[in-house]
Amino acid sequence: MDDKYFAKKIEAKWQKKWGETEAFRAEIDEERPKFYQLEMLPYPSGNLHMGHVRNYSAGDALAWYKRLKGFNVLHPIGWDSFGQPAEDAAVKRGVDPRQWTEDNINIMRGQLERLGLSYDWSRQMYAHKPEYYKFDQWFFIKMFEMGLAYKRMTQVNWCEHDQATLSNEQASGGICWRCGNPVTKKDLEQWFLKTTAYADQLIDDMDEIEHSWPGNVIKRQRDWIGRSDGAYVDFKIAHQATAGSSDAIRVFTTRIDTIYGANAIVVAAAHSIIDAYRDHLSPEVQAKVAEIAAENLKPRDRDEEIEKDGIATGLKGINPFSGEEIPVWVGNYVMMEYGTGAVMSVPAHDERDFEFAEKFGLPIRQVISEPHLAHEHHTMQALALEDPFTEYGVLVHSDYWNGKTSEVAKAEMANHAREHGFGEAATTYRLRDWGISRQRFWGSPIPIIYCPDCGVVAEKFENLPVCLPESAPITGTGESPLSKVPEFYETTCPKCEGTAHRETDTMDTFVDSSWYFFRYTDPTNEILPFSPEVAAYWTPVDQYIGGDDHAVMHLIYARFWGKVMRDMELVKFDEPVKRLLTQGMVVGETFFDDSSGKRIYSDPREVTVIRDAKGRITEAKNSGGAVLRHAIERMSKSKGNGVDPDEMIEIYGADAARIFIMFAAPIENELVWNEAGIEGGVRFLQRVWRLVHKWESRIANGEPLGAIDESSDAARALRRKTHQSIKRITENFESLQFNTPVAALMELANAVSDIRIEPENADAGEVFAVREALTSLVLMLTPFAPHTAEELYSIVIGNENGMLANGARFPESNEELARADEIEIPVQVNGKLRSRVMAAPGTPNDELERRALTDAKVVEHTHGKTVVKVVVVPDRLVNIVVKG
RNA sequence: GCUGGGGUGGCGGAAUUGGUAGACGCCCAGGACUUAAAAUCCUGUGCCCUUAGGGGCGUACGGGUUCGAUUCCCGUCCCCAGUACCA
């Protein structure tokens with residue numbers, strides 16, 4: 001056997017073997033506990049980037065760990081193969097989107113295989129194949145029948161750069177999720193899925209996953225859904241010209257308890273009341289309203305502070321609680337899209353209202369007091385506040401409600417409003433329904449037919465899939481390409497069989513990724529998206545791994561879809577993903593040579609870098625001495641700032657790349673790629689390789705490890721290290737840490753080299769200890785470097801069939817052996833470390849204290865002083881407190 | 001601004017959750033092997049003082065609690081992410 005480590009040779013060997021034996025094929029097995037390990041599926045853009053490598057390496061590590069722990073593991077992969085880049089390629093280079101997509105899939109599948117990822121390839125799904133998108137359509141029709149899919153005219157988010165419609169989630173922050181350009185609005189008829197029908201469940205069920213999903217994702221989803229509990233209150237219009245009018249302005253407030261402090265009603269410029277009372281508005285008011293309306297439409301910078309603006313309309317409204325008549329204003333800070341487009345302005349208790357009132361000199365009346373000041377406030381005149389008091393407190397200057405707490409008053413006042421017919425408790429949400437219509441070719445056609453007689457009719461299930469035509473004129477200008485293909489849209493009505501035409505919009509590609517992981521469980525089902533019985537075995541997903549950029553897109557849609565599927569009785573749980581891990585981005589330092597317009601990756605041969613104390617780059621120069629501009633960017637081939645995974649596999653091997661990317665930083669951190677570190681990965685694997693080969697002749701007898709009396713301190717110490725490592729590494733996997741177990745493996749390997757006994761001189765106990773250490777090391781290495789581990793396992797165990805076929809198991813830690821027989825107890829004097837004493841674990845406190853006090857180094861520091869106190873922490877430490 | 005998360009050597013990062021700060025790796029330096037280089041192995045490596053033994057300082061900064069604080073509390077500064085008038 002070679003004593004040199006040939007990554008290329010062994011990687012190819014084991015990849016072939018795994019493929020031939022279908023080593024990772026998953027079948028239902030009721031005897032074993034199942035584990036569903038899932039990573040976010042890739043978009044077939046052409047090449048993997050280092051972010052994929054990080055994501056899939058982590059997922060593969062867990063899949064292997066669980067397999068070796070005896071679980072029946074489902075670890076699938078597929079392709080998010082519908083989407084805009086395919087159409088961009090068609091527009092730019094005239095290629096066929098289908099061909100382009102499938103070529104890319106082939107390239108990327110090869111890359112995944114060369115990384116040696118342990119997928120069950122037999123379960124691949126492809127979003128763009130009719131066998132899959134048939135069920136996008138199946139779900140759509142079901143939702144249409146359930147009233148969860150509907151069509152309406154709306155202002156959609158429109159990205160001018162991509163010529164594309166975006167959902168609210170995809171236009172978060174007013175920025176296109178794909179290209180980062182600002183989003184504008186456009187009027188369009190859109191199909192919507194009623195995500196808002198599940199708003200409460202999407203919030204409430206988060207309790208189930210609160211501790212197993214990253215806090216950041218939970219928080220962002222809560223914020224995105226934006227539930228606020230409050231009340232509607234109607235303020236009647238009281239204008240002399242409309243006396244007796246029953247019109248009212250309905251406001252939404254979360255602080256009905258502050259209503260006695262309302263000094264005005266402020267409405268959005270687009271509020272219907274403006275149109276309704278246009279005749280009563282002065283020309284000056286009308287002009288100002290038009291100005292504000294126009295300002296509101298302008299795209300805004302993220303950080304831009306907008307000054308409060310507005311005008312009194314001359315209309316008056318009546319506060320139904322106090323009977324007070326207050327003015328109706330138009331304000332630029334009130335949005336038509338949220339609540340009712342009208343607010344009651346309570347400057348004393350709301351920052352925005354406060355600012356508005358100050359600017360326009362409106363009265364500011366305090367009606368909520370801090371509890372300990374409440375009594376004083378009852379007896380005083382209402383005072384103007386320096387700053388708004390926005391917290392809950394006790395009501396003052398509020399008639400009947402005086403002295404009640406905000407919490408109590410909120411409930412009672414909402415009730416009061418309902419009883420008297422001028423309002424009610426209400427909950428509003430920031431979440432909007434999911435607009436899924438896309439004027440795109442490369443997506444799943446929406447299975448709807450427009451019939452002149454029957455109206456909007458869903459396609460029949462038996463006619464699915466509604467297939468995309470071979471091709472369509474793709475212009476990238478925003479019209480639906482399918483609307484130019486008569487063979488596609490000309491059809492007959494499923495109801496009356498008269499002439500009709502099909503919907504020519506396709507679905508948002510996020511539909512595909514909302515349920516793909518259920519398809520993996522039953523990938524060839526032709527009747528249903530998946531069989532509920534089969535899915536019941538594998539799902540929910542036990543562990544999902546991906547980037548947190550999908551926190552409010554994919555991950556909210558997937559949860560929504562899960563709830564819809566539950567209501568369809570396809571699944572029986574509320575949450576489809578039990579545990580989520582979001583990995584940080586892999587970024588690279590990019591350098592720009594502005595004189596030549598070139599981008600240069602941080603190759604030390606090309607770029608000289610000067611860094612500050614924090615490691616940040618202060619200056620960068622190229623080999624010619626010219627100053628370069630630099631930035632930290634997400635690594636990708638298209639940006640030219642990253643190594644290509646293929647290149648890395650070629651140079652260092654897949655195992656080295658994988659173990660390094662896991663070791664370099666905690667999985668959730670951003671990782672700045674640096675080439676030097678990966679050498680460490682190679683070195684480590686080579687070190688293990690040499691160790692195993694060095695001991696091969698003594699340990700590779702294939703016999704099971706039996707109990708043998710240890711012969712020497714060295715052997716005993718090594719066994720201790722082995723069992724401590726097993727414990728640590730197991731705990732790390734369970735808590736989803738990947739960098740620290742690699743460190744522990746390195747320590748174990750170091751411990752084996754450190755015994756400094758030549759194999760030919762080792763006694764039976766030492767051989768036993770080494771064999772146990774190396775066997776454990778190899779098995780625990782598998783999740784990070786499976787090819788190397790398989791190869792070394794075959795040497796240690798003497799079986800070439802591979803670990804899984806051989807029933808290999810992750811080693812178990814023996815507490816007894818992990819325990820040290822002597823430990824070092826640090827001794828402090830006044831909290832400063834002065835000495836160490838050795839003691840057996842469990843040595844009684846008074847014995848530890850005696851040894852510490854008589855220790856020579858300790859005496860130096862306690863001599864001539866009074867011992868005030870001795871703190872002994874069993875098996876931990878002794879601290880002697882002295883005075884004088 | 002608000003809401004979260006964070007600040008540990010030249011760098012990436014450890015630290016059993018109040019008990020030896022800096023594991024493991026990278027970088028760097030010195031040495032062995034070599035005609036030489038590569039590879040490998042060994043040694044050193046938080047900062048300062050000291051000939052040595054050793055001592056002092058040190059987890060953003062300032063306080064506090066404690067026998068003992070990277071960890072808990074209060075205040076300040078800075079960084080990252082999300083968000084943007086959500087009533």
Side-chain angles (χ1 to χ4, degrees), chain A residues 4 172-174 214-220 222-224 226-228 230 251-255 258 266 300-308 331-335 337-346 349-353 355-356 428-430 548 551-552 584 611-616 660 663-666 668-681 683-684 686-687 690 727-728 731 737 739-750 753 824-836 857 860 868-882:
Chain A
K4 286 215 163 50
S172 174
N216 181 42
V217 175
I218 296 283
K219 174 186 175 287
R220 282 176 65 187
R222 283 223 169 89
D223 288 353
W224 186 258
R227 177 163 75 186
S228 46
V251 305
F252 177 72
T253 177
T254 53
R255 293 298 303 272
T258 67
V266 187
R300 289 172 180 178
D301 268 349
R302 285 200 83 143
D303 295 320
E304 194 183 345
E305 279 244 351
I306 296 147
E307 212 187 316
K308 297 272 179 300
N332 66 341
Y333 71 102
V334 179
M335 301 183 306
E337 299 81 45
Y338 186 79
T340 60
V343 303
M344 62 180 202
S345 166
V346 186
H349 305 292
D350 182 279
E351 308 224 356
R352 293 149 303 171
D353 296 340
E355 209 187 303
F356 193 71
T428 60
Y429 302 87
R430 213 181 85 111
D548 72 354
V552 292
R611 292 171 195 274
D612 67 11
K614 285 274 166 200
R616 281 181 297 226
F660 169 64
F663 175 62
E668 64 275 9
N669 284 19
E670 183 176 273
L671 172 60
V672 182
W673 188 255
N674 95 312
E675 196 79 31
I678 193 172
E679 302 273 4
R683 276 205 283 270
F684 170 61
Q686 287 177 334
R687 214 169 136 80
R690 278 194 305 270
K727 183 163 186 277
R728 232 175 100 188
E731 285 167 358
Q737 284 175 287
N739 55 332
T740 46
V742 177
L745 289 172
M746 288 172 171
E747 282 184 53
L748 182 56
N750 291 345
S753 348
E824 196 182 69
I825 306 286
V827 181
Q828 300 179 331
V829 177
N830 286 347
K832 279 191 203 298
L833 178 71
R834 295 301 180 187
S835 185
R836 298 175 169 94
K857 282 186 197 155
E860 276 177 44
V868 179
K869 186 176 177 183
V870 180
V871 180
V872 182
V873 184
D875 292 352
R876 263 290 135 74
L877 139 158
V878 178
N879 188 15
I880 300 162
V881 186
V882 295

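Throughout, a chain's letter reflects where its sequence line sits, starting with A, and its residues are numbered from 1.
No side-chain heavy atom of A:P214 sits less than 4.5 Å from a side-chain heavy atom of A:E668. Between A:V870 and A:N879, every side-chain heavy-atom pair lies at or beyond the 4.5 Å cut-off. Residues A:M344 and A:T258 are in side-chain contact: their nearest non-hydrogen atoms beyond the backbone lie under 4.5 Å apart. When side chains are defined from C-beta on, A:R687 counts as touching A:N750, because their heavy atoms get closer than 4.5 Å.
A cation-pi contact, defined as under 6.0 Å to the ring centre and within 45° of the axis, links A:K308 to A:Y333.
Heavy-atom distances to RNA chain B give each of A:Y429 and A:G677 a nearest nucleotide, and the one nearer the 5′ end belongs to A:G677.
Between B:A14 and B:G7, the two P atoms lie 10 Å apart (nearest whole Å). Comparing the same atom, P, in B:A52 and in B:G10 gives a spacing of 23 Å after rounding to whole Å. Distance check on atom C1': B:C74 versus B:A69 gives 15 Å, rounded to whole Å. Atom name C1', nucleotides B:G56 and B:U50: the rounded distance is 11 Å, in whole Å. Nucleotides B:U45 and B:G30 are separated by 16 Å at their P atoms, to the nearest Å. Rounded to whole Å, the separation between the P atoms of B:C11 and B:G64 comes to 30 Å. Here, B:C26 and B:U20 have their C1' atoms 25 Å apart, quoted to the whole Å. Taking atom C1' on both nucleotides, B:U65 is separated from B:C72 by 8 Å, rounded to a whole Å.
Between A:Y338 and A:F252, the closest heavy-atom pair is OH-CE2, 4.3 Å. The two residues A:D353 and A:V346 have their closest heavy-atom pair at OD2-N, 2.9 Å. Nearest heavy-atom pair, A:V829 versus A:V882, reported as atom, atom and distance to 0.1 Å: CG1-CG2, 3.9 Å. Shown here for A:L833 and A:P826, the closest heavy-atom pair between the two residues is CD1-CB, 3.6 Å.
For the pair A:I880 CD1 and B:G68 P, the interatomic distance rounds to 15 Å; values are reported in whole Å. As rounded to whole Å, 13 Å separates atom C1' of B:C26 from atom CH2 of A:W673. Taking atom CG on A:D350 and atom P on B:A84, their separation rounds to 18 Å, with Å as the unit. Spacing between atom CG of A:D353 and atom C1' of B:A87 amounts to 7 Å, rounded to whole angstrom units. As a whole-Å value, the separation of A:R222 CZ from B:G4 P is 13 Å. The CZ-P distance, from A:F356 to B:A87, rounds to 18 Å in whole Å. Taking atom CD of residue A:Q686 and atom C1' of nucleotide B:A38, one finds them 12 Å apart after rounding to whole Å. Computed from coordinates, the A:E670 CD to B:G12 P distance equals 12 Å when rounded to whole Å.
B:G22 makes up no base pair with any nucleotide shown, lacking Watson-Crick or G-U wobble contacts both under 3.5 Å. Across all strands shown, the partner of B:U40 is B:A32, judged by Watson-Crick or G-U wobble contacts whose two distances both fall under 3.5 Å. Base pairing analysis places B:U59 opposite nothing; no Watson-Crick or G-U wobble pair with both distances below 3.5 Å involves it. For B:A87, there is no paired base (Watson-Crick or G-U wobble, both distances below 3.5 Å). Pair check for B:C77 finds B:G7; Watson-Crick or G-U wobble, both atom distances under 3.5 Å. Across all strands shown, nothing is found opposite B:U70 as a Watson-Crick or G-U wobble partner with both distances under 3.5 Å.
Note on A:R834: only backbone sugar-phosphate atoms sit closer than 4.0 angstrom, heavy atoms only; bases stay farther off. The residue A:N669 sits close only to the backbone: its heavy atoms come under 4.0 Å of sugar-phosphate atoms, none of a base. A:K308 comes within contact range of at least one nucleobase, with a heavy-atom separation under 4.0 Å. Heavy atoms of A:G226 sit nowhere under 4.0 angstrom from any nucleic acid atom. The residue A:V334 sits close to a base: some heavy atom pair falls under 4.0 Å. Within 4.0 Å of A:R352, counting heavy atoms only, lies at least one base atom of the nucleic acid.
In B:G9 the base sits syn relative to the sugar, since the glycosidic angle is no further than 90° from 0. In this entry the base of B:U45 is anti relative to its sugar, with a glycosidic angle more than 90° from 0.
Look at A:K832 and you won't find any side-chain N or O under 4.0 angstrom from OP1 or OP2 of B:C67. For the pair A:K219 and B:G4, the criterion of a side-chain N or O lying under 4.0 Å from OP1 or OP2 is not met. Applying the 4.0 Å criterion to OP1 and OP2 of B:A87, one finds that A:S228 has a side-chain N or O inside that range.
The side chain of A:R683 approaches B:C26 more closely than any other nucleotide in the set B:C26, B:A84, B:G12. For A:Y338, whose side chain is taken as the heavy atoms from C-beta onward, the closest listed nucleotide among B:U3, B:A87, B:G55 is B:A87. Relative to the side chain of A:R430, the nucleotides B:U83, B:U3, B:A87 differ in distance, and B:U83 lies closest.
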### Task
Between protein and nucleotides 19-24 of chain B, map the contacts as a letter string: B base, S sugar-phosphate only, - none, heavy atoms under 4.0 Å, written 5' to 3'.
BB--BB
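Under the rule for a side chain to side chain donor-acceptor pair (under 3.5 Å), the partners of A:E747 that lie at least two apart in sequence or sit in another chain are A:K721, A:R728.
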